[in-house]
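What's counted below: heavy atoms across the whole structure, side chains too, no hydrogens, waters or symmetry copies. Every chain is numbered from 1, with letters handed out A, B, ... down the list of sequences.
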Amino acid sequence: MLADLLEFQGANAFKIRAYRNGARVIKDYPDSINSIIEEDPASLLSIDGIGKGVAEKCVVLVETGELPQINEILEEIPRSVLDLLRIPGMGPKKAAMLYRELGIAALDQLKEACEAGVVADLKGFGAKTVESILAGIEIADAANKRVYWAKADETAREILDHMQSCGEIRKIELAGSYRRRRETVGDLDILVVSENAEAVMDHFGAYHLVESVIGRGDTKMSVRIEESLQVDLRVVPAESFGAALQYFTGSKDHNVVLRGLAKQKGLKINEYGVFKMDGDKETYVAGATEEEVYAAMELPVFPPELREARREFDWAAEKTIPDLIREQDLVGDLHMHTTATDGKATLEEMVEAAQARGLSYIAITDPSQRVSMAHGLDADRLLAQWREVDVLNEKLDGSFRILKGIDCDILESGGMDLPDEVLSQGDWIIASVHYGQRQSREQITDRIVGALENPHVHIIAHPTGRLINRREAYEVDMEAVMQAAVENGKLLELNANPARLDLHDVHLAAARKYQIPIVISSDAHSVDGLDVLKYGVLQARRGGLTADDVANTKSWDAIESILGR
DNA sequence: GCCGTTTTCGGCCCGACTGTTTTCAGTCG
């Protein structure tokens, strides 16, 4: 936010970038900044991108909860000016001009001023700008909303389908955050090799969900579909395809680092290729494929999921880029519901579906009694279900294994929702927080740590409780949770539901550092629900996880030995 | 504000497109 405000004030662009970069580095950092500051504030300086200025601000922020610098600026400029920046096409310069010249500090004021005709008279503004601002105000919320990766995937496939029927396309690929498999996607980037850009763009514009054309030039076209999602199309020559794919896959921060490295080598990289620089003269070196581009930089082709300017360049230097987990590595699924509670399929149906998907074991984990909304299981119903599981396992005769499990609520007052003597009879005991999510950080952390210390509990499900775009994670000290998981030899879940993806990538990277085994679970409430495992795998890849880091790539026997049985 | 096996000062990624301009600033990715 400091960077946004400074940008609005017209401060030095590099300073703004330094703040923004610092904030990102801290957000992406696998260790908690709070505990670094507690132990040794000076060590902040050893983190790339954090210097004296940002480090000092971190300490003040952690100790007091606020930044005097921000408060000072907010005395001069109302916070609502930042809303102006949410309008597509409105940047800090134009917004500052509106505030300075017309005193506009909020969206409704801007709308009035546009309609009154005073905005068009400003220098640099005109009739078209006003028109686009008015349209932009209407979609400011929708335009900034990021959709679940799974939803973007659906749209992307439909658009690809549509584009396939254009005869002029020689190659087509999706780039951007979609290709990096980010949990949410802000827009789609499509790259095309063609000799006939006009025809490709015409075909693109004819896609039935295109709502408006944001812009169209000789090689680039942007449209908005279904109110929110923006789709950019870029037509490039074949010899630039790899460079363009690299460039538009990003991330922006990854590219900034890459270009910096190129400069040191006397090279220049842009979306057209890698060029050797000799004074003003540039010679094309590479660009047709991504392999070529990275090879020209003496770098490996980074998996797109890792291109976030986090650890990947260090890993490349050490030759330790993780061999990321793949969907086919998963052999079991350890979290699902049945008709015994809020699931749509019976125990038998879930078993059949899991077998059909090539899995070799599953855990049946209906929620416990406290989760009344889902008609959670009390001890009697649970034990009855487990007897059913025993019978089914007999029938399966070793060809497939069903584990007797439960998703046991961690009570608001602490402690488990079912007695130890019941839990001790199960194979796979999940503990998770469903209620009291607004408790203090200490309370929630204590509840979860307490569950990890219970000898019958094996894993914490959806450890932060967030629902992407809908509910923030509860306050929890993940460092303490991980510490407790390590000390008690417990596991953590990566819930693969596209709306959860909980743990997120930064926590996964931290868990990997702690060597805490992760379990990727579907949390399926139906047969089709089992198919979300693939989204969990993508998230795990973003966290840098290998098959070996994920417990359910191994046999159930191997998991039992992880649990010390 | 950050950074340094060319540097502790002087750099900091790079190009497309738009709208408002008559050669370019602002925005975006």
Side-chain angles (χ1 to χ4, degrees), chain A residues 2-3 6-8 10-25 44-58 69 84-98 119-133 136 143-144 175-180 185-191 197 201 213-223 230-236 240 243-244 246-275 277 282 297 309:
Chain A
L2 180 57
L6 286 172
E7 192 166 38
F8 189 85
N12 178 295
F14 296 112
K15 185 170 168 178
I16 292 163
R17 198 170 81 188
Y19 278 130
R20 206 161 266 157
N21 190 48
R24 181 188 62 82
V25 165
L44 280 175
L45 296 172
S46 64
I47 303 173
D48 250 1
I50 311 286
K52 227 173 113 222
V54 174
E56 270 171 23
K57 287 184 178 57
C58 285
Q69 212 180 344
L84 302 181
L85 302 177
R86 293 177 18 234
I87 300 171
M90 175 76 64
K93 296 276 165 55
K94 280 187 184 165
M97 172 83 114
L98 289 169
V119 173
D121 295 338
L122 287 177
K123 191 171 155 59
F125 289 73
K128 282 204 168 175
T129 311
V130 169
E131 200 180 305
S132 105
I133 288 175
N144 286 290
S177 55
Y178 171 78
R179 183 163 179 249
R180 300 200 313 280
V185 173
D187 54 31
L188 289 172
D189 302 283
I190 304 174
L191 280 181
M201 288 195 274
V213 176
I214 299 168
R216 176 171 172 166
D218 294 337
T219 61
K220 183 186 164 187
M221 178 168 172
S222 295
V223 304
Q230 181 177 330
V231 187
D232 298 334
L233 175 82
R234 193 79 181 224
V235 183
V236 297
S240 298
Q246 190 289 317
Y247 180 83
F248 288 107
T249 297
S251 68
K252 191 178 161 183
D253 296 305
H254 175 91
N255 287 351
V256 167
V257 175
L258 193 69
R259 277 160 202 24
L261 293 174
K263 204 163 219 181
Q264 287 174 20
K265 286 179 181 288
L267 298 171
K268 183 177 87 172
I269 304 182
N270 57 30
E271 60 258 56
Y272 297 107
V274 183
F275 299 89
M277 301 303 289
E282 52 181 52
M297 290 292 301

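Spacing between dG1(B) and dT8(B) at atom C1', rounded to whole Å, works out to 15 Å. With P as the reference atom, dT23(B) and dG29(B) are 29 Å apart, rounded to whole Å. dC2(B) and dT6(B) have their P atoms separated by 23 Å, with the value rounded to a whole Å. The gap from the P atom of dC13(B) to that of dG4(B) amounts to 14 Å, rounded to the nearest Å. Taking atom C1' on both nucleotides, dT20(B) is separated from dT27(B) by 14 Å, rounded to a whole Å. Nucleotides dC17(B) and dT22(B) place their P atoms 23 Å apart, quoted to the nearest Å. Nucleotides dA16(B) and dC9(B) have their C1' atoms positioned 33 Å apart, rounded to a whole Å. The separation of dT21(B) from dA25(B), taken at their P atoms, amounts to 13 Å, rounded to a whole angstrom.
Looking at Ser251(A), its side chain does come within 3.5 Å of a backbone N or O of His254(A) through a donor-acceptor pair. A donor-acceptor pair is defined here as one N or O able to donate and one able to accept, closer than 3.5 Å; such a pair exists between the side chain of Asn270(A) and the backbone of Gly273(A).
Among the heavy atoms of the strands lying under 4.0 Å from Ala127(A) are primed sugar atoms or P, OP1, OP2 only; no base atom is included. Using a 4.0 Å heavy-atom criterion, one finds that Ser132(A) contacts no nucleic acid atom at all. Across all strands shown, Lys220(A) has heavy atoms under 4.0 Å from sugar-phosphate atoms exclusively, and none from any base. Across all strands shown, Ile269(A) has heavy atoms under 4.0 Å from sugar-phosphate atoms exclusively, and none from any base. Within 4.0 Å (heavy atoms only), Asn21(A) reaches no atom of the nucleic acid at all. Among the atoms of the strands shown, base atoms are found under 4.0 Å from some heavy atom of Tyr247(A). At the heavy-atom level, Asn255(A) lies nowhere under 4.0 Å from the strands shown.
With Tyr247(A) as reference, Asn255(A) is the one residue of Leu258(A), Asn255(A), Ile269(A), Asp189(A) to meet the side chain to side chain contact (heavy atoms under 4.5 Å, CB included) rule.
Heavy atoms from other residues, nucleotides or ligands lying under 6.0 Å from CG of Asp48(A) number 12 at most.
Each of Gly124(A) and Lys93(A) was assigned the nucleotide of DNA chain B with the nearest heavy atom; the assignment lying further toward the 5' end belongs to Gly124(A). Between Thr219(A) and Tyr19(A), the one whose closest nucleotide on DNA chain B sits nearer the 5' end is Tyr19(A).
Between Val54(A) and Gly22(A), the shortest heavy-atom contact is CG1-CA, 4.5 Å. Contact record, Arg24(A) with Ala309(A): NH1-O, 3.4 Å, taken as the closest heavy-atom pair. Closest of all the heavy-atom pairs between Tyr178(A) and Val185(A) is CA-CG2, 4.0 Å.
Only Val256(A), Arg259(A), Lys263(A), listed by number, bring a heavy atom of residues 256-265 of chain A to less than 4.0 angstrom from any atom of DNA chain B.
A salt bridge is defined here as a Lys NZ or Arg NE, NH1 or NH2 lying under 4.0 Å from an Asp or Glu carboxylate O, and Arg234(A) with Glu271(A) meets this definition.
You can see that DNA chain B meets the heavy atoms of chain A within a 4.0 Å-exclusive cut from dG1(B) to dG29(B), reading 5' to 3'.
Annotation: side chain to side chain donor-acceptor pair (under 3.5 Å) contacts of Tyr272(A) (sequence neighbours excluded): none.
How far CE of Met90(A) is from OG1 of Thr129(A): 9.0 Å, rounded to the nearest 0.5 Å.
Nucleotide dT27(B) is matched to dA16(B) when pairs are restricted to Watson-Crick or G-U wobble geometry with both distances under 3.5 angstrom.
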